[in-house]
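Scroll down for the structure; my scribbles are underneath it.
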Amino acid sequence: MAEYEHILVESDDETVRITMNEPKRRNALSEEHLSELLGAFVAAGESDASGIILAGNGPVFSAGHDFADVAQRDLLGVRELLNVCTELMTTIQSVPQVVIARVHGLATAAGCQLVASCDLAIAAASAGFALPGGKGGWFCHTPAVPVARSIGRKRLMEMALTGDIVDPVTAAEWGLINTAVPDEELDKSVEHLLARATRGDRSSKALGKQALYAQLDRPESEAYSHAIEVMAAASQLEGAREGMSAFLEKRPPVWPN
């Protein structure tokens, strides 16, 4: 397993847990931190795990981009930083595993972007979500991309223009997270949702996850065309065949992977 400076990675047979581990810096995302997260997600994606948990150590989940890193960069340097960040977000959605964010404390700017980019998210009652650039000097352009696709235009505009913190109950109502739970129930709730979301054949679920992201922002007719081809091909997978056979034979399925 690779050695990391900014994150911790733990794994068992089923789950990889990736934890941002810069508590004194509020898990601020320097390029080095982002690169380590990217490498960890790539490695996890190539593993046999069925699920990935993204968490943060310390008082907050993540305060977003590290301004100490950003402030010293010229235009090309900031563009490079944002490209690494974007590659991380798209990798989270492209890996075959189910990815769930375990959120405590604040998740702001690129930290909120991380939450919105995960497949699923559960937040503790102590959590909060914000795109604070709207009340500062550097607007949250890239963090707004996945947030917009989770909560819709008017709610995005409220978050992005005001910069106000959204509480976890409201975040759940808006669709930014799946649910909010008491702090003491956070780990149990994350594990329970991940267990439910990783049931079934892994190959089928991996293809399904990637197809969902591929069709989400297409016009309906194009989305159907894409989904038809993927679903037809998926019907020939070993897991799909086993699932149908088990249903018809009235027996529990034996998944191939």
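Throughout, residue positions are numbered sequentially from 1 according to the sequence presented.
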*Where is the tightest heavy-atom contact between A110 and P143, given as atom of each residue plus distance?*
N-CG, 3.8 Å
*Please say whether more than 12 non-hydrogen atoms of neighbouring residues, nucleotides or ligands are located less than 6.0 Å from CZ in R202.*
yes
*Would you please classify the geometry between the H65 ring and the W138 ring as parallel, tilted or perpendicular, with 30° and 60° separating the classes?*
tilted
*Could you pull out the closest heavy-atom pair between F61 and A107, with the gap in Å?*
CD2-CB, 3.8 Å
*Common cluster, L131/L82, ILVMFWY with side-chain heavy-atom separation under 4.5 Å*: yes
*Step by step, would you call I151 with F129 a side chain to side chain contact (heavy atoms under 4.5 Å, CB included)?*
CA-CA 12 Å; I151 67 175; F129 305 86; over 6 Å; no
*Judged by atom type as modelled, is there a donor-acceptor pair below 3.5 Å linking the side chain of H104 to the main-chain atoms of G58?*
yes
_If only side-chain N and O atoms count, and only distance matters, is there a donor-acceptor pair under 3.5 Å linking T19 with N57?_
no
_Straight-line distance of E87 CD to I92 CD1, nearest 0.5 Å_ = 11.5 Å
*Can you name the nearest heavy-atom pair linking R199 to A195, along with the distance?*
CG-O, 3.3 Å
*Donor-acceptor pair, side chain of K205 and main chain of A197, under 3.5 angstrom*: yes
*Can you name the nearest heavy-atom pair linking P146 to T142, along with the distance?*
CD-O, 3.5 Å
_From CG (L186) to CZ (R102), nearest 0.5 Å_ = 4.0 Å
_Side-chain touch M89/V145, heavy atoms, less than 4.5 angstrom_ = no
*asked:* What's the separation between atom CG in D183 and atom OG in S126, rounded to the nearest 0.5 Å?
replied: 3.5 Å
_I'd like to check T15 versus E191 (side-chain heavy atoms, cut-off strictly below 4.5 Å). Are they in contact?_
no
*Quick one: do L193 and L114 end up in the same hydrophobic cluster if we chain Ile, Leu, Val, Met, Phe, Trp and Tyr together by side-chain heavy atoms under 4.5 Å apart?*
no
*Has the side chain of D69 got a donor or acceptor atom that lies under 3.5 Å from a matching backbone atom of E31?*
yes
*With a 4.5 Å limit on heavy-atom distance, are the side chains of S189 and T179 in contact?*
no
*Would you mind reporting whether N178 and I100 have side-chain heavy atoms less than 4.5 Å apart?*
no
_With a sphere of 6.0 Å drawn around CG of D48, does it hold more than 12 non-hydrogen atoms of other residues, nucleotides or ligands?_
no
*Looking at V115 and A101, what are the two nearest heavy atoms and their distance?*
CA-CB, 4.4 Å
*With a 4.5 Å limit on heavy-atom distance, are the side chains of R26 and L106 in contact?*
yes
*With the 4.5 Å side-chain cut-off for hydrophobic clustering, are M157 and W174 part of the same group?*
no
*Return yes if some donor-acceptor pair links the side-chain N/O of T108 with the main-chain N/O of A130 below 3.5 Å, else return no.*
no
_Is it the case that over 12 heavy atoms from other parts of the model lie below 6.0 angstrom from the CD atom of E238?_
no
_Residue pair E242, R251: steps toward the salt bridge (Lys or Arg N to Asp or Glu O under 4.0 Å) verdict_ = CA-CA 10 Å; E242 168 60 15; R251 60 172 174 81; 2.7 Å; yes
*Pairwise distance CD1(I122) to CG(L194) - rounded to 0.5 angstrom*: 9.0 Å
*Mind running side chain to side chain contact (heavy atoms under 4.5 Å, CB included) on S30 and E22 for me, showing each step along the way?*
CA-CA 10 Å; S30 64; E22 290 276 9; over 6 Å; no
_Are more than 12 heavy atoms, taken from residues, nucleotides or ligands other than Y224, located less than 6.0 Å from that residue's OH atom?_
no
*asked:* Please report the interatomic distance CG(N21) to CD(E5), rounded to the nearest 0.5 Å.
replied: 10.5 Å
*Kindly indicate whether the side chain of V9, heavy atoms from C-beta on, has any atom under 4.5 Å from the side chain of F41.*
no
*Walk me through it: do Q97 and T198 pass the test side chain to side chain contact (heavy atoms under 4.5 Å, CB included)?*
CA-CA 8 Å; Q97 290 87 356; T198 53; over 6 Å; no
_Within this structure, what is the OH-OG distance for the pair Y213 and S117, rounded to the nearest 0.5 Å?_
8.0 Å
*For S47 and V16, work out which heavy atoms get closest and say how close.*
OG-CG2, 4.1 Å
*Do you reckon L88 sits in the same ILVMFWY cluster as I18, going by side-chain contacts under 4.5 Å, direct or chained?*
yes
*More than 12 heavy atoms from other groups under 6.0 Å of CE on M244*: yes
_Check for me, please, whether V181 and I177 land in the same ILVMFWY cluster - side-chain distances under 4.5 Å, paths through other members count._
no
_Polar side-chain atom of E36 near backbone of Y4 as donor-acceptor pair, under 3.5 Å_ = no
*Could you walk me through whether V166 and E158 pass the side chain to side chain contact (heavy atoms under 4.5 Å, CB included) check?*
CA-CA 10 Å; V166 175; E158 182 175 342; over 6 Å; no
*How about R17 and D12: do any of their side-chain heavy atoms sit closer than 4.5 Å?*
no
*With a 4.5 Å heavy-atom cut-off, do K209 and V95 have their side chains touching?*
yes
